[in-house]
Amino acid sequence: MNFVEELRWRGMLHDIMPGTEDELNKQMTSGYIGFDPTADSLHVGHLTQIMTLIHFQRAGHRPVALVGGATGMVGDPSGKSAERNLLSEEILNHNVKCLEHQLKKFLDFNCGANSAEMVNNYDWFKNFTFLDFIRDVGKHLTVNYMMAKDSVKKRLEGDTGMSFTEFSYQLVQGYDFYYLWKERNCQVQMGGSDQWGNIVTGTELIRRKAAGTAYAITTQLIKKADGTKFGKTESGAVWLDPAKTSPYKFYQFWLNTTDSDAKSWIRIFTLKSQPEIEQLENEHDEAPHLRILQKALAEEITIRTHSDDALQTALKTSEFLFGNGSLEFLQSLSETEIMEVFEGLPQFKISKDELAAGITATDLLAEKTAVFPSKGEARKMITGGGVSVNKEKVPDPVQLFSSANLIKGKFLVAQKGKKNYFLIIAG
RNA sequence: GGGGGGGUUCCAGAGCGGUCAAAUGGGACGGACUGUAAAUCCGUUACUUCGGUUUCGAAGGUUCGAAUCCUUCCCCCCCCA
């Protein structure tokens, strides 16, 4: 398998430095991608980079996943229009651990010569003093060169300015590449297309400081057909951490992609072969409403990111919530089955006694539970016909609910709109 | 250090003494339509016991009345040195 060719037909390739392809075809090569610990979990936006590493390894090369314990302290200005807040060391350490844990899932760390490797740039930066850094690294690049970078230029032209800290980011990342090149024989750095400038600073540093050669590959930034940002939903980013985004929500995110996005994403986010994908596309075009592509896409990514079991639960949940989700169906389930269906969906507890006395819809949904942040909003939404309890529209904000409404004497199912479910447990 | 421009509701951005809970656009949410899609259309978008109550960087002040005027403070940006 030819790595670059693979990226190319999948539509992932954005830019590649001349000579990179020859180098990769010549021998097993080591390449890395950096992930900055800006949060305690990766999100779907990172999956492109993860897939790139997976392809890299499948092509017989050695992938290195770098977690940016040091770069995370600085803050990458690429693609950012404003200065970012610095994270405390404590939070960063926590984030680094979380990211390492997640990344381990996707790559094979024990397969001989091309086993994956995990590194943290804090390890080589923690004892690097400021003076040493500006002498050994800063001296090799001119400010003129650094200012010509897009990430810098945009901020200088904009009206928010840029701190010296963020200006220095490219040097820090550039040194990472130099270090890995020198110490780990890492020849290639990959990343999203917004990383081109930072990556090239690294190859430049390697050239000037050690007269060495290194290579760069960037991947396409994932765009949605409608131009909106990829990876965001109503409830924010789609995380890989099941505690932050349940496997059900994760599955739903992919299932809900538009037809045109699904066609490009199935190439990027699954390992299916070209004939397989073309076959699926044909089937899809014949009966688009079956959403064959979306299902194939969602299933494969959910398994890779979470697990087979998680997918089964997600499927079961989807089946209930969007399929034959009648009240009778719910009543036919056992308590544990109900809990399973609602696993990963928001749940609230209320006291049985309070319910026995009767509670109005607004109190129930805004005060006793946090389905709505305020009573006013609950009232507006109910009046607008957007709220159901136990699959039945709530006609009036002051409608009373009591123990008699409980399913299995224990549950109430609240719905905000069509897709947002909440389980209320009386106990 | 000097000069200039700013900080408005989720965001952008109007308002510049009363008619302002604050235009407009975007986003978000809900409804109709549908394929759990896209597009389109409609509604909502500070809190409320629906009497009111708290908002326009912060604190004071002027006024019958302030987001709008004054004072001090905090923060941001640009330019010059």
Side-chain angles (χ1 to χ4, degrees), chain A residues 77 80-85 154-164 166-167 223-238 246-266 280-281 283-299 302 314-326 341 345-346 359-368 370-389 391-398 414-422:
Chain A
K80 296 278 186 299
S81 59
E83 187 81 12
R84 294 197 289 177
N85 293 326
K154 278 196 186 125
R155 288 280 287 277
L156 293 180
E157 284 164 1
D159 53 4
T160 49
M162 173 183 227
S163 67
F164 176 71
E166 287 196 9
F167 179 59
K223 278 267 180 78
K224 292 213 284 188
D226 60 9
T228 57
K229 205 166 180 226
F230 168 72
K232 295 277 184 193
T233 64
E234 59 274 16
S235 41
V238 179
S246 71
Y248 159 73
K249 284 264 181 201
F250 185 85
Y251 174 83
Q252 283 290 323
F253 168 78
W254 297 103
L255 189 68
N256 277 320
T257 53
T258 62
D259 292 359
S260 59
D261 283 336
K263 284 182 187 176
S264 75
W265 294 0
I266 197 151
L280 283 170
E281 277 176 343
E283 286 174 32
H284 178 91
D285 288 338
E286 273 170 40
H289 61 279
L290 294 180
R291 289 177 299 152
I292 289 166
L293 279 175
Q294 283 90 336
K295 280 179 185 160
L297 174 70
E299 282 175 21
T302 306
L315 286 173
K316 223 191 281 180
T317 310
S318 304
E319 172 64 19
F320 164 69
L321 299 179
F322 297 104
N324 56 344
S326 67
V341 165
L345 292 174
I359 300 178
T360 63
T362 47
D363 282 344
L364 176 71
L365 301 175
E367 209 155 78
K368 302 297 174 202
V371 174
F372 291 100
S374 75
K375 284 199 200 180
E377 191 163 322
R379 195 172 301 118
K380 280 170 199 153
M381 200 67 83
I382 290 170
T383 311
V387 180
S388 298
V389 170
K391 287 273 172 187
E392 238 174 78
K393 278 239 157 86
V394 179
D396 191 335
V398 294
Q415 239 174 307
K416 185 168 87 180
K418 281 178 191 145
K419 300 194 204 172
N420 302 297
Y421 281 83
F422 304 85

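Just so you know, these numbers come straight off a predicted model, no measurement behind them. Letters A, B, ... mirror the listed sequences (proteins, then strands); counts begin at 1.
Whole-Å rounding puts the A/Ile382 CD1 to B/rG43 P distance at 21 Å. Atom CD of A/Gln252 and atom P of B/rU36 are 11 Å apart (whole Å). Remark: C1' of B/rU36 and CG of A/Leu315 are 14 Å apart, rounded to the nearest angstrom. Atom NZ of A/Lys263 is separated from atom P of B/rA38 by 16 Å (rounded to the nearest Å). One atom, CG of A/Leu297, and another, P of B/rG35, lie 21 Å apart when rounded to the nearest Å. Across the protein-nucleic acid pair, A/Lys295 atom NZ and B/rU36 atom P stand 9 Å apart, rounded to whole Å. If you measure from atom CD of A/Glu166 to atom C1' of B/rC76, you get 15 Å, rounded to the nearest angstrom. Atoms CD (A/Gln294) and C1' (B/rG35) sit 9 Å apart, rounded to a whole Å.
Here the separation of B/rU53 from B/rG57, taken at their P atoms, is 22 Å to the nearest Å. Rounded to the nearest Å, the gap between the C1' atom of B/rU63 and that of B/rC69 is 9 Å. Remark: the separation of the P atoms in B/rC10 and B/rU48 is 15 Å, to the nearest Å. For the C1' atoms, the distance linking B/rU9 with B/rG26 amounts to 14 Å, nearest Å. On the C1' atoms, B/rU55 is 11 Å away from B/rC20, given to the nearest whole Å. Here the separation of B/rG25 from B/rC41, taken at their P atoms, is 12 Å to the nearest Å. Taking atom P in both B/rG5 and B/rA22, the straight-line distance is 31 Å, to the nearest Å. Atom name C1', nucleotides B/rA28 and B/rC73: the rounded distance is 36 Å, in whole Å.
Among the nucleotides B/rU36, B/rC47, B/rA32, the one closest to the side chain of A/Phe322 is B/rU36.
Here A/Thr362 contributes atom OG1 and A/Met381 contributes atom CE; the two are 14.0 Å apart, rounded to the nearest 0.5 Å. Separating the CD1 atom in A/Ile382 from the CD atom in A/Glu377 is a distance of 11.0 Å, to the nearest 0.5 Å. A/Ile292 contributes atom CD1, which lies 13.5 Å from atom CG of A/Leu297 (distance to the nearest 0.5 angstrom). Separation of atoms CD1 (A/Ile359) and CG (A/Leu365) is listed at 9.5 Å; rounding is to 0.5 Å.
Nearest heavy-atom pair, A/Gln294 versus A/Asp259, reported as atom, atom and distance to 0.1 Å: NE2-OD1, 3.1 Å. Shortest non-hydrogen contact noted between A/Tyr248 and A/Ala314 is CA-CB, 3.8 Å. Between A/Ile266 and A/Ala296, the shortest heavy-atom contact is CD1-CB, 4.0 Å. Pairing each heavy atom of A/His284 with each of A/Leu293, the nearest pair is ND1-N, 3.5 Å. The minimum heavy-atom distance linking A/Pro346 with A/Tyr421 is given by the pair CD-O, 3.5 Å.
Nearest-nucleotide positions on RNA chain B for A/Gly385 and A/Tyr248 put A/Gly385 closer to the 5' end. Remark on RNA chain B: of its neighbouring residues A/Lys393 and A/Asp259, the 5'-side contact belongs to A/Lys393, judged by nearest-heavy-atom nucleotide.
Nucleotide B/rU62 is matched to nothing when pairs are restricted to Watson-Crick or G-U wobble geometry with both distances under 3.5 angstrom. The nucleotide B/rU19 finds no pairing partner, because no Watson-Crick or G-U wobble arrangement with both distances shorter than 3.5 Å includes it. The partner of B/rA37 is absent, by the rule that a Watson-Crick or G-U pair needs both atom distances under 3.5 Å. Nucleotide B/rU44 has B/rA28 as its partner under the Watson-Crick or G-U criteria, with both atom distances under 3.5 Å.
Using a 4.5 Å cut-off on side-chain heavy atoms (C-beta onward), A/Asn256 and A/Gln252 make contact.
Applying the 90° criterion around 0 to the glycosidic angle, B/rG35 comes out anti.
Put simply, A/Asn256 has no side-chain N or O that comes within less than 4.0 Å of OP1 or OP2 on B/rA38. Neither OP1 nor OP2 of B/rA38 sits under 4.0 Å from any side-chain N or O of A/Thr258. The side chain of A/Lys416 places no N or O atom within less than 4.0 Å of a non-bridging phosphate oxygen (OP1 or OP2) of B/rA28. Regarding contacts with the backbone of B/rA37, a side-chain N or O of A/Lys419 is found under 4.0 angstrom from either OP1 or OP2. Applying the 4.0 Å criterion to OP1 and OP2 of B/rA37, one finds that A/Thr257 has every side-chain N and O outside that range.
Note that A/Lys416 lies in the cation-pi zone of A/Phe372, set by a 6.0 Å cut-off to the ring centre and a 45° limit from the axis.
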For nucleotides 49-53 of chain B, print each protein N/O atom paired with a nucleotide N/O atom at under 3.5 Å, atom names and distance only.
| unit_1 | atom_1 | unit_2 | atom_2 | d |
| --- | --- | --- | --- | --- |
| B/rU49 | OP1 | A/Lys375 | NZ | 3.4 |
| B/rU49 | OP2 | A/Arg379 | NH2 | 2.8 |
| B/rC50 | N4 | A/Arg379 | NH1 | 2.0 |

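Residue contacts shown for A/Ser318 include a base, since a base heavy atom lies under 4.0 Å away. Contacts of A/Lys418 with the nucleic acid, taken as non-hydrogen atoms under 4.0 Å apart, include base atoms.
Within a 6.0 Å radius of CD in A/Glu283, more than 12 heavy atoms belonging to other residues, nucleotides or ligands are found.
Contacts between residues 283-291 of chain A and RNA chain B, counted as heavy-atom distances below 4.0 Å, involve A/Pro288, A/His289, A/Arg291.
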